2 protein chains.
Amino acid sequence: MKRKITLKDIAKELDVSISTVSKSLKNNPEIGEDTRQKVQAFAKLYNYKPNNIAVSLLNQRTKHIALIIPEITHDFFTTVLKGVEEVAHHKGYNVLVCVSNESFEKEVLSIEMFAQGGIVDGFIISLSKETQLKEDYKHLIEVENQGMPLVMIDRVTDKVISDKVIVDDMRGAYTGVSHFIERGCRRIALITTQDHISVGYLRKEGYKKALADHVLPVEEQLMVAIDQVDTAEDQIADLVNNQEFDAVLGVNEYFSVIAMKLLQEQGKRIPQDVAIIGFSDGKLLKYATPSITAVDQHGDEIGRAAAGMLIERLESSKQDENYRTTVIPTSLIERESTLGKQD
Amino acid sequence: MKRKITLKDIAKELDVSISTVSKSLKNNPEIGEDTRQKVQAFAKLYNYKPNNIAVSLLNQRTKHIALIIPEITHDFFTTVLKGVEEVAHHKGYNVLVCVSNESFEKEVLSIEMFAQGGIVDGFIISLSKETQLKEDYKHLIEVENQGMPLVMIDRVTDKVISDKVIVDDMRGAYTGVSHFIERGCRRIALITTQDHISVGYLRKEGYKKALADHVLPVEEQLMVAIDQVDTAEDQIADLVNNQEFDAVLGVNEYFSVIAMKLLQEQGKRIPQDVAIIGFSDGKLLKYATPSITAVDQHGDEIGRAAAGMLIERLESSKQDENYRTTVIPTSLIERESTLGKQD
DNA sequence: TTGTATGCGTTATCAA
DNA sequence: TTGATAACGCATACAA
């Protein structure tokens, strides 16, 4: 087991000083050509690489960023992670992942740990449901006070002033509903989350606006707000069994797929009897039978944008107080579940 | 923006030496009761936390581990990540994630970066397809030579001696095929990967063994080895269109779901005409219509086991050369796609 | 009971 | 052209 080689080792071996070695390796012109060559050759031979920890200690930066997501089993967050990782690695940063499991406590603990230990240089976070419910953002504000950059994504809040990257949720829902209407649907149901989930609320607003703009009534009984994951199926069944509608928009993959399954069990044909659209860029919608039209949120782009913003802020010396919000437009991926009425 | 507080700050403020502060905070009995109290109170007030980097430099360990996975859009790896993260955080470790994208080069580069910079203390890795094809494992052996623990999961190789956590792929496939046979299926197709993918190979072997044990012939034309992701659909269509079979086992979620879709388009009823089983613990199988029976690989357990083994090795001082391989049994989750023949 | 000194590996400043 | 030294923040052996 070879121990890792250090500057000191090289210095001793070549009988020069540590600083000479350091400078040589950095191609510092102070050092004579031949010494430099010699050192570099030796270093290469022994595969020298600077010890990151020492450099971190010196520079007071780790070149690590934390990504905190509420869930990993949503394809959306998975693609976000991929996007973040892509840009981060490209720029020489590493990504520490933390799944909050929708828990406020876990979110707070992770952030404190990462921030206080100086483990990461900055954060990308999507709020847990519990956090959005409690509306307690002290941990985030604290992070900012410590001078650590923070980029919020997707599930964000106005209560925290920071860079943000969000989905155009309202417009995404608006587009979906409009798509239904263009295809002749008139009674459009919505399966969304409780209002405290920011994205759920915005999607509902987009849904309502689309109806209003097309002079269609907003019917309360066609809108269901899912309380908890495990009651989703029952609540959706309730909608399906007791209401008549010819289209349904789900604010995530699960709601849409569950709705479709229940509708099919009832003998409804998709899309002839009921058209379906779901939010998210996941495989659940893509591989469903029939495949389901999706409001693509472009998780990868969100991840890339967030990582880009964060790193830019980390590397810019100026204390820029102009926080930006980048809105990533959604796009509608038309699939089988909305064909046919019209086409 | 409050700068982070250090031992030095506390020492100056309380007019004691740095080591007194350090010892006080560690409850070292050397220090007098009142000094200790005073220091601790002050530290608490200013929310002192030791600087992780400094501690890392001192101890020559970061308390970070790297998880290198080939893909993030497979639910299996996603659950692995979750399991790893769970145990790691519980034991005070952080997880750096790296997606190799099935690329040998990316895998090698990430490992070198993590290892040489002393960025992590150890590795959990699942090999990329390209690596398994090339059979070039120098980067992993190098890591071990440097004395860094390595735990391989799922896609492993005999060429590298290390701790391993694997799925019981052979038995998983065997169980699936047996399940078909018990339900009256006789012509069972297999959709697998190329042989160089270790898990694909093992699953094929399990499939063959099950057939043999039940005195059924192994028919080459019923086994298709997918070359690449983008040819999967064509290759599976070829099988579906040109062969007669009453059951099909896919070695991952995608293959099974695609097969089902193509079969349904052909007018086949699932499971009456063709029964289906897929590998993986993902939502694609669970939410399919009909839902698809799954060979659950328990990604979360694999992740937990791997993290456990890795951390154990990191924390045990003794240079134990007895590498272990933990085999996580699969379990069959019966769903609609294999009901009916018998029940 | 408290303080001083050293070292972890690196870089940067300044002296030779 | 090269080398000695300090500093990053902490822990510890040893001195007082």
Side-chain angles (χ1 to χ4, degrees), chain A residues 2-40 42-43 46-64 92 115-121 146-147, chain B residues 2-40 42-43 46-64 92 115-121 146-147:
Chain A
K2 306 185 279 202
R3 207 175 44 82
K4 221 162 292 155
I5 189 172
T6 69
L7 288 186
K8 195 200 264 185
D9 298 329
I10 302 182
K12 195 185 302 174
E13 207 64 39
L14 263 40
D15 209 45
V16 291
S17 78
I18 293 180
S19 53
T20 301
V21 175
S22 175
K23 286 171 187 164
S24 299
L25 292 176
K26 297 205 107 70
N27 267 315
N28 188 323
E30 276 183 8
I31 303 296
E33 185 59 25
D34 39 351
T35 323
R36 221 190 311 167
Q37 295 278 326
K38 192 176 58 176
V39 172
Q40 291 192 1
F42 190 91
Y46 284 91
N47 196 25
Y48 168 81
K49 286 281 153 42
N51 179 317
N52 238 277
I53 309 171
V55 176
S56 289
L57 182 57
L58 204 55
N59 298 336
Q60 302 283 57
R61 52 214 302 277
T62 60
K63 292 217 137 197
H64 293 170
Q116 295 170 342
I119 295 177
V120 300
D121 298 338
Q146 287 185 25
Chain B
K2 306 184 276 201
R3 206 173 46 81
K4 221 162 291 155
I5 189 173
T6 69
L7 287 187
K8 194 198 264 186
D9 299 329
I10 302 183
K12 193 184 304 174
E13 207 65 37
L14 294 177
D15 209 46
V16 290
S17 79
I18 294 178
S19 60
T20 300
V21 176
S22 175
K23 287 172 186 166
S24 299
L25 292 176
K26 296 205 107 71
N27 268 314
N28 187 325
E30 276 183 7
I31 303 296
E33 184 59 24
D34 39 350
T35 323
R36 223 190 309 166
Q37 296 277 325
K38 191 176 59 174
V39 171
Q40 291 191 1
F42 190 90
Y46 284 91
N47 195 25
Y48 169 82
K49 287 279 151 45
N51 178 317
N52 236 276
I53 310 171
V55 176
S56 290
L57 184 57
L58 203 55
N59 298 335
Q60 302 284 60
R61 49 213 308 276
T62 59
K63 292 217 137 198
H64 292 170
Q116 295 170 342
I119 295 178
V120 300
D121 298 338
Q146 287 184 24

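Keep in mind that what you see is a predicted model, and the values were worked out from it rather than measured. In what follows, chains carry the letters A, B, and so on, assigned in the order in which the sequence lines appear, proteins first and then strands, with residues in each chain numbered from 1.
Heavy-atom distances to DNA chain C give each of A:I5 and A:N28 a nearest nucleotide, and the one nearer the 5′ end belongs to A:I5.
Taking side-chain N and O atoms only, B:Y48 has no distance below 4.0 Å to OP1 or OP2 of D:dG9. A close approach under 4.0 Å does occur between a side-chain nitrogen or oxygen of B:T20 and OP1 or OP2 of C:dG3. Between B:Q60 and C:dG7 there is no side-chain polar atom (N or O) within less than 4.0 angstrom of OP1 or OP2.
For B:N51, the side-chain atoms get nearest to D:dG9 when compared with the rest of C:dT2, C:dT10, D:dG9. When each of C:dT11, C:dG3, D:dT12 is scored by its nearest atom to the side-chain atoms of A:I18, the top-ranked nucleotide is C:dT11. Nearest to the side chain of B:V16, among D:dC8, C:dG3, C:dT10, sits C:dG3. Side-chain proximity of A:S19 to C:dT11, C:dG3, D:dG3: nearest is D:dG3. Comparing D:dC10, D:dG9, C:dC8 against the side chain of B:P50 picks out D:dC10 as the nearest.
Between the CG atom of A:L25 and the P atom of C:dA12 there is a distance of 13 Å, given to the nearest Å. The separation between A:L7 atom CG and C:dC8 atom P is 12 Å, rounded to whole Å. Separating the NZ atom of A:K49 from the C1' atom of C:dG9 is a distance of 16 Å, rounded to the nearest angstrom. Rounded to a whole Å, the CD1 atom of A:I119 is 13 Å from the P atom of D:dC10. Look at CG on A:L58: it is 15 Å from P on D:dC10, rounded to the nearest Å. As rounded to whole Å, 18 Å separates atom P of D:dC8 from atom CG of B:N52. If you measure from atom NZ of B:K26 to atom C1' of C:dT2, you get 18 Å, rounded to the nearest angstrom. Put simply, NZ on B:K8 is 10 Å from C1' on D:dA6, counting in whole angstrom units.
Interface remark: the A:S56 side chain does not form any donor-acceptor pair with the C:dT10 base, using a distance-only criterion of under 3.5 Å. A donor N or O paired with an acceptor N or O is not found under 3.5 Å between the base of D:dG9 and the side-chain atoms of B:T6.
Residue-level contact check: B:K23 touches the bases, meaning some heavy atom is under 4.0 Å from a base atom. Residue B:L57 is in base contact, counting any heavy-atom pair closer than 4.0 Å across all strands shown.
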Would B:N51 and A:Q60 count as a side-chain contact (heavy atoms from CB on, under 4.5 Å) if you check the C-alpha gap in whole Å, the side-chain angles of each, and the deciding distance to 0.1 Å?
CA-CA 10 Å; B:N51 178 317; A:Q60 302 283 57; 4.3 Å; yes
B:I119 vs A:H64, side-chain contact (heavy atoms from CB on, under 4.5 Å): CA-CA, chis, key distance, verdict
CA-CA 10 Å; B:I119 295 178; A:H64 293 170; 3.6 Å; yes
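In the region residues 30-39 of chain B, proximity to DNA chain D at under 4.0 angstrom, judged on heavy atoms, holds for none of the residues.
A:T20 places a side-chain heavy atom less than 4.5 Å from the side chain of A:I31. Side-chain contact between B:K4 and A:Q146: present, with at least one pair of heavy atoms (C-beta onward) separated by less than 4.5 Å. Between B:Q40 and B:N27, the closest side-chain pair of non-hydrogen atoms falls below 4.5 Å.
Proximity of a side-chain donor or acceptor of B:N28 to a complementary backbone N or O of B:E30 within less than 3.5 Å is detected. A distance-only check finds a donor-acceptor pair linking the side chain of A:S56 to the backbone of A:N52 [under 3.5 Å].
The CG atom of B:L14 sits 5.5 Å away from the NZ atom of B:K38 when rounded to the nearest 0.5 Å.
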